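Okay, structure first, notes after.
Side-chain atoms are counted along with the backbone in the values below, which use heavy atoms only and exclude waters and symmetry mates. These figures come from a predicted structure and were not determined experimentally.
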Amino acid sequence: EDLGYQHMLVSDDMLMKAIGNMWGLEEACVRSIEAGLDLLLVCTDAEKVRSVNAAIAKAVKDGRISESRLEHAQRTVQVALKKLPRPDEFDKNKRLSILKKTVAASDSLMLDSSAKAIDLSRGIPRQIFSRPGPIHLFIPQHDRYQLQFKEALLKELPQLETRLIEHRFPFATVSEEQCTELANSCGENCILFTFRAVINQDQLRLVKALSARASNRLLIACDIPYDLDLIPDWDDAAAICDPSNLAVRAFAKLIARQLGA
């Protein structure tokens, strides 16, 4: 109301754990409608869609959501849909061509901007890249974020192809045995990505194990920057604050710039 916005309001995917862990899916969806959202996204799970529909119907029956509120949401969505092209007017190839050009242009701009915006908290040690020997990359295995740093770095610095060795570890739970195995595979040069080590503190066990093995090391906090505060003895560190592929590619580009490539 303060903004004077009178168009459709759409949620992000309501299955995101940050939402579900706080209220539960059904309650979060009911609250979203109460707050004024017109269209809720419940993706990839038909059973959960049915569960949400039942929760909304119950909220109407109990008087939490009025029928007029749902009717307003329906009208708003219908108005938005009328602005879309009719199926017989839709030129798929033309639309795909426009989309590809738009994405290519924006991706290039965003990649360059992201590389400029990354916070280099403590710097990048050139000796990792200038000294001989393998460079060991320790990267969390995450279902949602691919963290394809090796591929991104090779795109910028192809001369490193024979030196980069990637090791993956589970981001949430890293056992003592896994830490020992990973540390034993590590050499002098080490780059470690952490993912919310403030919460997933098993990663700190891996940090300790790698600290005893690697003399040239770089810490990358790929999501929240607070990981850097937990690991102060790694003098060279950076917080990219974003685990997306775009941010990881931007960081690789930034490393190349720092090295004068």
Side-chain angles (χ1 to χ4, degrees), residues 16-19 21-22 111 113-129 135-153 156 164-259:
M16 291 190 299
K17 290 184 179 179
I19 297 173
N21 290 347
M22 180 70 71
L111 181 62
S113 299
S114 295
K116 294 176 181 176
I118 288 172
D119 173 26
L120 282 180
S121 299
R122 302 174 198 159
I124 296 176
R126 290 174 177 269
Q127 61 267 27
I128 284 184
F129 302 96
I135 301 172
H136 294 269
L137 311 177
F138 294 88
I139 301 174
Q141 185 68 44
H142 196 284
D143 292 340
R144 182 173 183 180
Y145 302 110
Q146 299 169 336
L147 298 173
Q148 295 178 327
F149 179 67
K150 179 181 178 180
E151 294 81 357
L153 193 58
E156 301 296 331
L164 297 183
I165 301 175
E166 181 180 278
H167 310 269
R168 291 279 179 165
F169 61 90
F171 79 94
T173 305
V174 190
S175 67
E176 288 280 4
E177 291 77 14
Q178 287 173 315
C179 287
T180 300
E181 183 179 348
L182 288 166
N184 288 339
S185 67
C186 184
E188 185 180 57
N189 304 310
C190 167
I191 299 177
L192 169 65
F193 279 71
T194 61
F195 183 87
R196 303 180 188 177
V198 172
I199 302 170
N200 306 301
Q201 295 208 356
D202 277 5
Q203 293 178 35
L204 300 180
R205 186 185 295 140
L206 177 59
V207 170
K208 183 178 179 180
L210 293 176
S211 296
R213 299 280 299 185
S215 55
N216 303 320
R217 58 200 188 202
L218 171 63
L219 171 68
I220 312 298
C222 67
D223 191 41
I224 56 177
Y226 311 115
D227 289 4
L228 302 187
D229 293 331
L230 292 177
I231 312 169
D233 56 333
W234 285 47
D235 295 330
D236 298 297
I240 62 177
C241 304
D242 179 358
S244 69
N245 286 337
L246 184 66
V248 170
R249 286 166 52 200
F251 183 65
K253 183 180 285 290
L254 183 57
I255 287 180
R257 287 179 181 173
Q258 293 287 315
L259 298 175

request  = Could you tell me which non-hydrogen atom of Ile240 sits nearest to which non-hydrogen atom of Cys222, and how far apart they are?
outcome  = CG1-CA, 3.5 Å
ask   = Mind checking whether His136 and His167 have parallel, tilted or perpendicular rings, split at 30° and 60°?
value = parallel
ask   = How many angstroms lie between OG1 in Thr194 and CZ in Phe171, if you round to the nearest 0.5 Å?
value = 12.5 Å
query = If you measure from CZ on Phe193 to OH on Tyr145, what distance do you get to the nearest 0.5 Å?
reply = 15.0 Å
inquiry  = Using a 3.5 Å distance criterion without hydrogens, assess whether the side chain of Arg196 forms a donor-acceptor pair with backbone atoms of Asp223.
reply    = no
query = Within the distance-only criterion (no hydrogens, no angle test), does the side chain of Asp227 pair as donor or acceptor with the backbone N or O of Ala197 below 3.5 angstrom?
reply = yes
task = Mind running side-chain contact (heavy atoms from CB on, under 4.5 Å) on Ile139 and Glu166 for me, showing each step along the way?
result = CA-CA 7 Å; Ile139 301 174; Glu166 181 180 278; 3.7 Å; yes
query = Which pair of non-hydrogen atoms, one from Ala238 and one from Leu228, has the smallest distance, and what is that distance?
reply = O-CD2, 4.0 Å
query = Would you say Phe149 and Leu164 make side-chain contact, with heavy atoms under 4.5 Å?
reply = no
message = Working note: Asp235 + Asp233, criterion side-chain contact (heavy atoms from CB on, under 4.5 Å); need CA distance, chi angles, decisive distance, verdict.
response = CA-CA 6 Å; Asp235 295 330; Asp233 56 333; 5.8 Å; no
Heavy-atom pair of closest approach, residues Glu188 and Ser215 = CG-OG, 2.9 Å
request  = For the pair Gln203 (side chain) and Phe195 (backbone), establish whether a donor and an acceptor sit closer than 3.5 Å, ignoring hydrogens and angles.
outcome  = yes
ask   = Counting only heavy atoms not in Glu151, do more than 12 fall under 6.0 Å of its CD?
value = yes
query = Could you state the interatomic distance from OG (Ser175) to CZ (Phe169), rounded to the nearest 0.5 Å?
reply = 12.5 Å
note = The reported gap from CG in Leu147 to NE2 in His142 (rounded to nearest 0.5 angstrom) is 8.0 Å
request  = For Gln201 and Val198, indicate whether the former's side chain and the latter's backbone hold a donor-acceptor pair under 3.5 Å.
outcome  = yes
Heavy-atom donor-acceptor pair, Arg217 side chain to Ser211 backbone, under 3.5 Å = yes
message = side-chain contact (heavy atoms from CB on, under 4.5 Å), that's the test. Do Trp234 and Val207 meet it? Break it down for me.
response = CA-CA 9 Å; Trp234 285 47; Val207 170; 3.6 Å; yes
key: Derivation of the side-chain contact (heavy atoms from CB on, under 4.5 Å) call for Leu192 and Leu206   = CA-CA 9 Å; Leu192 169 65; Leu206 177 59; 4.2 Å; yes
request  = Report yes if the side chains of Thr180 and Glu177 come closer than 4.5 Å at any heavy-atom pair, otherwise no.
outcome  = no
query = Has the side chain of Asp202 got a donor or acceptor atom that lies under 3.5 Å from a matching backbone atom of Thr173?
reply = no
ask   = What's the shortest heavy-atom distance between Glu156 and Ala256, and which atoms?
value = CB-CB, 3.8 Å
message = Tell me the closest heavy-atom pair linking Val248 and Pro243, and the distance in Å.
response = CG2-O, 4.3 Å
request  = Search all heavy atoms of Asp242 against all heavy atoms of Ala247 and return the closest pair with its distance.
outcome  = O-CB, 3.2 Å
inquiry  = Just verifying a value: how many Å separate Ile165 CD1 and Phe138 CZ, rounded to the nearest 0.5 Å?
reply    = 9.0 Å
ask   = From Gln141 CD over to Gln146 CD, what is the distance, rounded to the nearest 0.5 angstrom?
value = 9.5 Å
